[in-house]
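Notes for the one structure printed next.
Since this is a predicted model, take the numbers as computed values, not measurements. All heavy atoms count here, side chains included; hydrogens, waters and symmetry mates do not.
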Amino acid sequence: KDVTTLIKVPGMYPNSQIVVPETVTCIDQYAFSHNKNVVEVTLPENAIQINKNAFNGCENLKKINLERAKTIGEQAFEGCKALDDVTLSCETISQSAFSGCYNLKNVTLNNTVEICDYAFNACAIQSIEFPASLHMIGASAFNSCKFESITIPKTVIKVGRSAFGN
């Protein structure tokens, strides 16, 4: 049967590499949450929705292809400590989506309009190129990141409190 929503991957699922079937269009909330074994996830080529807390606490998750993700929910990747590189094409990066991803150094944003509060709080990002589509950077969005320099496009109309604070 064609499944469109991946509801749950058991926390002790033994495989470290997971390929999500092409029929899946939604990763449900808490689907992979706190799975300590998952290291790599291959998402389908079609547009996909990643709900809140979907990968929260997957501390060994190092690689996931997010280029086709159309939505990334709140705290979707919070605490994914091994994640070090993401490319995003979604319009909104939800609150605390990547908060606490301590090794996240490389972030590429394409077509992003809104970066919500605490989205990349406590990450290791040193530099980032914001797209011309960006309009809003939320409060503490990049708090505790180690930027060497930042260029904010003229299209940004709101920068929240402590967006780049330490």
Side-chain angles (χ1 to χ4, degrees), residues 9 15-20 27 31-45 48-153 155-156 158-166:
V9 173
N15 293 357
S16 64
Q17 296 181 334
I18 297 173
V19 178
V20 176
I27 307 292
F32 286 85
S33 185
H34 296 283
N35 184 314
K36 306 292 187 226
N37 295 324
V38 67
V39 173
E40 181 176 347
V41 176
T42 304
L43 296 174
E45 289 297 314
I48 192 160
Q49 174 180 329
I50 299 173
N51 287 341
K52 71 178 192 173
N53 294 297
F55 293 90
N56 184 307
C58 291
E59 58 188 41
N60 295 311
L61 178 63
K62 184 163 178 61
K63 184 176 180 186
I64 185 166
N65 59 321
L66 294 171
E67 295 88 352
R68 302 274 183 183
K70 63 181 179 180
T71 32
I72 296 179
E74 294 177 8
Q75 302 167 326
F77 293 93
E78 184 177 42
C80 292
K81 298 173 186 173
L83 197 61
D84 62 2
D85 186 5
V86 294
T87 298
L88 304 168
S89 298
C90 55
E91 287 189 4
T92 300
I93 301 168
S94 296
Q95 183 173 331
S96 301
F98 293 92
S99 184
C101 294
Y102 303 126
N103 288 306
L104 184 56
K105 295 178 182 126
N106 303 309
V107 175
T108 304
L109 301 174
N110 301 314
N111 306 316
T112 302
V113 175
E114 181 178 11
I115 300 170
C116 293
D117 299 350
Y118 301 96
F120 294 98
N121 178 55
C123 292
I125 304 167
Q126 293 179 334
S127 68
I128 191 166
E129 187 172 324
F130 294 113
S133 57
L134 189 63
H135 291 265
M136 199 273 290
I137 301 171
S140 299
F142 294 94
N143 191 46
S144 298
C145 291
K146 307 297 182 209
F147 287 106
E148 294 171 4
S149 68
I150 304 166
T151 302
I152 298 174
T155 56
V156 174
K158 180 184 177 197
V159 177
R161 184 175 180 200
S162 297
F164 299 96
N166 283 322

When rounded to the nearest 0.5 angstrom, what distance separates [atom1] in [X] from [atom2] in [Y]?
X      : Y      : atom1 : atom2 : result
Asn121 : Cys145 : CG    : SG    : 7.5 Å
Cys80  : Asn60  : SG    : CG    : 9.5 Å
Leu104 : Leu83  : CG    : CG    : 5.5 Å
Leu43  : Leu66  : CG    : CG    : 6.0 Å
Leu61  : Lys81  : CG    : NZ    : 13.5 Å
Glu78  : Gln95  : CD    : CD    : 9.5 Å

Practice task
Please find out if less than 6.0 Å separates the ring center of Phe130 from that of Phe142.
Solution key: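 For Phe130 and Phe142, the ring centres are under 6.0 Å apart.
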
N/O donor-acceptor pair under 3.5 Å between [X] side chain and [Y] backbone:
X      : Y      : value
Asn51  : Gly73  : no
Ser133 : Thr112 : yes
Arg161 : Ala139 : no

Exercise for the section: Mark yes when over 12 heavy atoms from residues, nucleotides or ligands other than Phe164 sit less than 6.0 Å from its CZ; otherwise mark no. Expected result: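 Check passes, neighbour count above 12.
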
Handout entry: More than 12 heavy atoms from other groups under 6.0 Å of CD on Glu67
Key =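 Result for CD/Glu67: enclosed.
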
Is any side-chain heavy atom of [X] closer than 4.5 Å to a side-chain heavy atom of [Y]?
X      : Y      : value
Leu88  : Phe98  : yes
Ile115 : Leu109 : yes
Thr92  : Cys116 : yes
Phe55  : Val38  : no
Gln75  : Lys52  : no
Ile18  : Val9   : yes
His34  : Asn56  : yes

If you take all heavy atoms of [X] and [Y], which pair is closest and at what distance?
X      : Y      : answer
Ile48  : Pro44  : CD1-CD, 3.7 Å
Glu45  : Arg68  : O-CD, 3.0 Å
Ile72  : Cys90  : CD1-SG, 4.0 Å
Ala163 : Gly138 : CB-O, 3.6 Å
Val20  : Val41  : CG2-CG1, 4.0 Å
Ile27  : Ala54  : CG2-CB, 3.8 Å

Practice task
For Gln17 and Asn15, run side-chain hydrogen bond (donor to acceptor under 3.5 Å, both in side chains): C-alpha distance rounded to whole Å, both residues' side-chain angles, the deciding distance at 0.1 Å, then the answer.
Solution key: CA-CA 6 Å; Gln17 296 181 334; Asn15 293 357; over 6 Å; no

Exercise for the section: Using a strict cut-off of less than 4.0 Å between a Lys/Arg side-chain nitrogen and an Asp/Glu carboxylate oxygen, indicate whether Asp85 and Lys105 qualify as a salt bridge. Expected result: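 Judged by the 4.0 Å cut-off on N to carboxylate O distance, Asp85 and Lys105 do not form a salt bridge.
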
Handout entry: Electrostatic pair Glu59-Lys36, nearest N-O below 4.0 angstrom
Key =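 A salt bridge links Glu59 with Lys36.
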
